[in-house]
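Remarks on the structure that follows.
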Amino acid sequence: MAKTKTAFFCQNCGAQYAKWVGQCTSCKQWNTVVEEVIQKEEKTNWRSVSNATPRTSKPLRINEIDPGNEIRWDTGNTEFNRVLGGGLVAGSLTLLGGEPGIGKSTLLLQMALKLPFTSLYVSGEESQRQIKMRAERIHPASTNCYVLTETKTQNIFQHIARLVPDLVIIDSIQTLHSDYIDSSAGSISQIRECTAELIKFAKESHTPVILVGHITKDGSLAGPKILEHMVDTVLQFEGDRNYVYRILRSLKNRFGSTSELGIYEMLGDGLREVNNPSEILISNTDEGLSGAAVAATMEGMRPLLIEIQALVSSAVYGTPQRSATGFNAKRLNMLLAVLEKRAGFKLAAKDVFLNITGGITVDDPAIDLAVVAAILSSNADLPIEKGVCFAAEIGLAGEIRPVQRIDQRIVEAEKLGFSMVFVSKNNKIGVKRSKIAIQQVAKIEEVVAHLFG
Ligand code: TYD
Ligand code: MG
């Protein structure tokens, strides 16, 4: 009988050790290293291999390789297709990560129910009846979706061999286990083995496979960084659970760009694709409210108009409070210091609260000017005229700096009916626009004069 061999693995990053250590030396996490049984491997060296094995692939000159026709499956979900770079690639492995309860299972089941071809949804977390109940909520349309509750990979492959599905969904990789490995489901060696088996299946049968992966407290994909290296595409489903909007991002994509993103709205009957996100992120009140300003930002490659709200009030305590939701608090402090120093506003005795509506987080510096405008508007209690938006960064000297992709931002603002956009004087504008007035400014004072002067 083969001697069982064990090794110690960090459950956070997958680093392997010969003996137990308290702190993982590669990811610096404490108490994450546990012992796992691994299969006894047969030692091979390149000499023994080079004499024996029949060659199944041989080196080719780069210009001799036939690129072939990359087959992409339309998933019937435009946002999902966009994030994937145009659809699922045959034989690809996609990993979908996200916090519990964010809607990963819903997204995949909904997609499977829309597909015109056979899909197999394997769940290790929910029973078939639970999945049926979920499917009832999102109105089933397809009868080609098979549901299987199973956690052993060997059994799953048996069912796949009989059913021959065109798409396999595994919910989730952490619940799978393989007979070839002795450790418990969810451990690093199990995840690695099960993923490797699925990759082999996907590449050999040209079937796309989608895996659901859990996420840890600090937001990285649970356990294995190794998973991210093994799969072709890593998607992240994120959002604030208290809000209805969800963002699907691609973190790694071997078949497309990683700057695309998809936006969904979680409704009572499943996820709705949001094709025009700007409309829902801007409140449609007719009377002007002080302290609100609209910024033309970019999320990945998509222009997005978002509303920023600020509340400035007298500080009750000695140290004024500053609080920001969806915006970097350090950046808010920096902008306040710039306002104090360069524009002479006495904000040191004021509490400042900032909020980006819709529960989204933005780190595009182009929203600086809108943040400043919202703060000034709340401070003066004067609303900003309707139809005005902003797209510029603010420098430490109080100068208004250019931002990238200004043309796309302007076009989006015009499309949504905005009548004026404030941009930096130094931004080169390529587009000619007739309906939207472009105000090019160099200093904060000029903006103040325009808005409240
Ligand atoms: P789920 O897909 O189970 O999340 P995950 O697989 O990422 O853990 O989503 C669960 C949440 O979504 C749950 O809190 C209920 C909500 N939901 C809706 O609001 N509408 C729906 O139609 C469905 C199916 C779920
Ligand atoms: Mg789930």
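In each ligand, atom 1 is the first atom listed, and ligand 1 is the first ligand listed. Both backbone and side-chain heavy atoms feed into the values below; hydrogens, waters and symmetry mates do not.
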Distances only, to 0.1 Å: what are the N or O pairs between ligand 1 and the protein that fall under 3.5 Å?
{"from": "ligand 1", "atom 1": "2 (O)", "to": "S105", "atom 2": "N", "distance (Å)": "3.3"}
{"from": "ligand 1", "atom 1": "2 (O)", "to": "T106", "atom 2": "N", "distance (Å)": "2.8"}
{"from": "ligand 1", "atom 1": "2 (O)", "to": "T106", "atom 2": "OG1", "distance (Å)": "2.6"}
{"from": "ligand 1", "atom 1": "2 (O)", "to": "R134", "atom 2": "NH1", "distance (Å)": "3.1"}
{"from": "ligand 1", "atom 1": "3 (O)", "to": "R134", "atom 2": "NH1", "distance (Å)": "3.0"}
{"from": "ligand 1", "atom 1": "3 (O)", "to": "R134", "atom 2": "NH2", "distance (Å)": "3.2"}
{"from": "ligand 1", "atom 1": "4 (O)", "to": "G103", "atom 2": "N", "distance (Å)": "3.1"}
{"from": "ligand 1", "atom 1": "6 (O)", "to": "S105", "atom 2": "N", "distance (Å)": "3.0"}
{"from": "ligand 1", "atom 1": "6 (O)", "to": "S105", "atom 2": "OG", "distance (Å)": "2.6"}
{"from": "ligand 1", "atom 1": "7 (O)", "to": "I102", "atom 2": "N", "distance (Å)": "3.4"}
{"from": "ligand 1", "atom 1": "7 (O)", "to": "G103", "atom 2": "N", "distance (Å)": "3.0"}
{"from": "ligand 1", "atom 1": "7 (O)", "to": "K104", "atom 2": "N", "distance (Å)": "2.8"}
{"from": "ligand 1", "atom 1": "7 (O)", "to": "K104", "atom 2": "NZ", "distance (Å)": "2.9"}
{"from": "ligand 1", "atom 1": "8 (O)", "to": "G101", "atom 2": "N", "distance (Å)": "2.7"}
{"from": "ligand 1", "atom 1": "19 (O)", "to": "L267", "atom 2": "O", "distance (Å)": "3.4"}
{"from": "ligand 1", "atom 1": "20 (N)", "to": "R137", "atom 2": "NH2", "distance (Å)": "3.2"}
{"from": "ligand 1", "atom 1": "20 (N)", "to": "L267", "atom 2": "O", "distance (Å)": "2.6"}
{"from": "ligand 1", "atom 1": "22 (O)", "to": "G268", "atom 2": "O", "distance (Å)": "3.0"}
{"from": "ligand 1", "atom 1": "22 (O)", "to": "G270", "atom 2": "N", "distance (Å)": "2.6"}

Can you tell me if CG on D363 sees more than 12 non-hydrogen neighbours from other groups inside 6.0 Å? no

Greater than 12 external heavy atoms within 6.0 Å of E35's CD: yes

Residue pair S105, D171: steps toward the side-chain hydrogen bond (donor to acceptor under 3.5 Å, both in side chains) verdict: CA-CA 7 Å; S105 308; D171 190 359; 2.7 Å; yes

Would you say that E79 contacts N77 through its side chain, given a criterion of any heavy-atom pair below 4.5 Å between the two side chains? yes

Quick one: sort the F237 and Y264 rings into parallel, tilted or perpendicular, breaks at 30° and 60°. perpendicular

Can you tell me which residue pairs pass the ring pair (Phe, Tyr, Trp, His ring centres under 6.0 Å) test with a partner in residues 91-120, sequence neighbours excluded? W73-F117

I'd like to know if the side chain of N81 reaches the main chain of T75, judged simply by a donor and an acceptor atom lying under 3.5 Å from each other, with no hydrogens or angles considered. yes

Have a look around the Mg ion (ligand 2) and list protein N/O/S atoms under 2.8 Å, or say none. S105 OG

Looking at residues at least two apart in the chain, or sitting in another chain, which of them share a side-chain contact (heavy atoms from CB on, under 4.5 Å) with E412? N276, S278, P303, L305, K415, L416

Compute the ring centroids of F157 and F201, then answer whether they are less than 6.0 Å apart. yes

